[in-house]
Each structure stands twice: as structure tokens, then as C-alpha cells.
Q: 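This is the structure, below, for whatever I ask next.
All heavy atoms count here, side chains included; hydrogens, waters and symmetry mates do not.
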Amino acid sequence: MESVVRLRRRPVASGREILDLLTILQHLHPHRSLGAVLLELCNTMGTCRAATDRAVEWLNLDGTLAVGRIRRTELQQLSRAIHRFWIAALNAERLKSRRSRGTPAGV
């Protein structure tokens with residue numbers, strides 16, 4: 001019998017990968033608004049738009065502020081928050097789809 005190895009593709013970028021892209025965008029386009037940069041992040045990495053919006057709201061950041069004005073520590077917090085809220089959104093979606101199929105949550 002032949003064994004089949006399945007490779008799971010990571011659906012979510014790490015907080016570090018998000019931070020790296022935010023840092024690059026901050027240096028390339030310091031006068032763009034944070035909201036515009038986050039929209040580009042969503043388009044480039046496929047991050048959940050709801051997760052980015054929630055992270056900005058949770059950290060009380062102004063989406064109209066130029067991204068060049070945001071401190072490194074704020075970018076770090078933002079990237080970790082986006083990652084955390086993105087994971088939570090995916091988990092909630094998986095749970096919802098399991099419930100709709102009638103699969104027990106622990107399986």
C-alpha cells in the first residue's frame with residue numbers, strides 16, 4: 001500500500017511576514033494613509049479585511065494617518081493583532097461550516 005503525504009498550505013501569513021510587508025510599504029510609500037496600505041496588504045497577502053479593520057479599531061489607530069508617522073512598535077502590534085484576528089476569523093468560519101454539516105466540533 002502506497003502512503004500519501006498531504007502538504008497543508010498555510011492559509012495565514014505569520015505576524016512576522018505581515019510586519020515585513022508593512023515595513024516595506026511604510027518605507028516605499030510613507031505619505032500614503034494607513035488605510036490604503038492595509039488595503040494593499042489585503043490584496044497582496046490575502047489577509048482578511050475584517051481582521052485588519054478590527055486590529056486598527058482595537059489599537060485605536062487612525063486609518064487616515066500617513067503610514068510614515070506610525071512607530072515601529074505600533075507596526076509590530078498591528079501585525080500581531082491582524083494575525084491574531086485573522087486566525088480567529090478562520091477558526092470561527094471552520095466551526096460554522098462544521099456545524100452546518102453536522103460534524104462534532106472536537107473532530
Side-chain angles (χ1 to χ4, degrees):
M1 178 152 77
E2 192 174 301
S3 66
V4 177
V5 177
R6 286 189 195 181
L7 298 175
R8 279 183 53 177
R9 193 180 131 227
R10 278 187 325 161
V12 177
S14 71
R16 181 64 187 188
E17 291 168 329
I18 294 169
L19 177 61
D20 289 344
L21 184 56
L22 286 175
T23 301
I24 290 168
L25 293 173
Q26 182 185 42
H27 288 286
L28 292 178
H29 309 288
H31 300 290
R32 289 178 64 193
S33 71
L34 175 62
V37 168
L38 290 176
L39 184 59
E40 186 169 341
L41 176 79
C42 290
N43 293 334
T44 303
M45 293 190 116
T47 57
C48 175
R49 183 66 188 169
T52 58
D53 291 344
R54 189 168 175 204
V56 168
E57 181 182 326
W58 187 65
L59 293 169
N60 293 323
L61 295 174
D62 182 3
T64 62
L65 186 66
V67 73
R69 294 283 183 183
I70 296 177
R71 289 178 246 132
R72 176 74 178 174
T73 55
E74 290 173 319
L75 278 183
Q76 290 171 332
Q77 291 174 332
L78 180 60
S79 66
R80 285 192 299 260
I82 290 170
H83 177 73
R84 185 171 50 249
F85 290 133
W86 192 6
I87 293 287
L90 284 177
N91 288 338
E93 187 177 306
R94 286 181 190 140
L95 183 61
K96 183 179 177 183
S97 71
R98 283 183 184 160
R99 286 183 179 160
S100 67
R101 290 183 305 190
T103 307
V107 177

Q: Going by the rule salt bridge (charged side-chain N to carboxylate O under 4.0 Å, His left out), which residues pair with Arg72 if we only count those two or more places apart in sequence or in a different chain?
A: none
Q: Can you name the residues that form a side chain to side chain contact (heavy atoms under 4.5 Å, CB included) with Ala50, not counting sequence neighbours?
A: Cys48
Q: Report yes if some heavy atom in the side chain of Thr23 is under 4.5 Å from a heavy atom in the side chain of His27; otherwise report no.
A: yes
Q: Sequence neighbours excluded, which residues qualify as side chain to side chain contact (heavy atoms under 4.5 Å, CB included) partners of Asn60?
A: none
Q: Using the test side chain to side chain contact (heavy atoms under 4.5 Å, CB included), find all partners of Arg54 that sit at least two apart in sequence or belong to another chain.
A: Phe85
Q: Please tabulate, for side-chain N and O atoms in residues 31-44, each donor-acceptor pair with protein atoms closer than 3.5 Å (sequence neighbours left out).
A:
unit_1	atom_1	unit_2	atom_2	d
Arg32	NH1	Glu40	OE1	2.5
Arg32	NH2	Ala36	O	3.4
Arg32	NH2	Glu40	OE1	3.1
Ser33	OG	Ala36	N	3.1
Asn43	ND2	Leu39	O	3.3
Thr44	OG1	Glu40	O	2.8

Q: With Arg16, which residues qualify under salt bridge (charged side-chain N to carboxylate O under 4.0 Å, His left out), at least two apart?
A: Asp20
Q: State which residues pass salt bridge (charged side-chain N to carboxylate O under 4.0 Å, His left out) with Asp62; sequence neighbours excluded, sorted by chain then number.
A: none
Q: Do Gln77 and Trp58 have side chains that approach each other closer than 4.5 Å (heavy atoms only, starting at C-beta)?
A: no
Q: Looking at every heavy atom in both Met45 and Ala13, which two are closest together, and how far apart are they?
A: CE-CB, 3.7 Å
Q: Please determine whether residues Leu75 and Ile24 belong to a single hydrophobic cluster, defined as Ile, Leu, Val, Met, Phe, Trp and Tyr linked transitively by side-chain heavy-atom distances below 4.5 Å.
A: no
Q: Check whether any side-chain heavy atom of Ile18 lies under 4.5 Å from a side-chain heavy atom of Leu22, and answer yes or no.
A: yes
Q: Go through the structure and list residues passing salt bridge (charged side-chain N to carboxylate O under 4.0 Å, His left out) with Glu74, not counting sequence neighbours.
A: Arg71
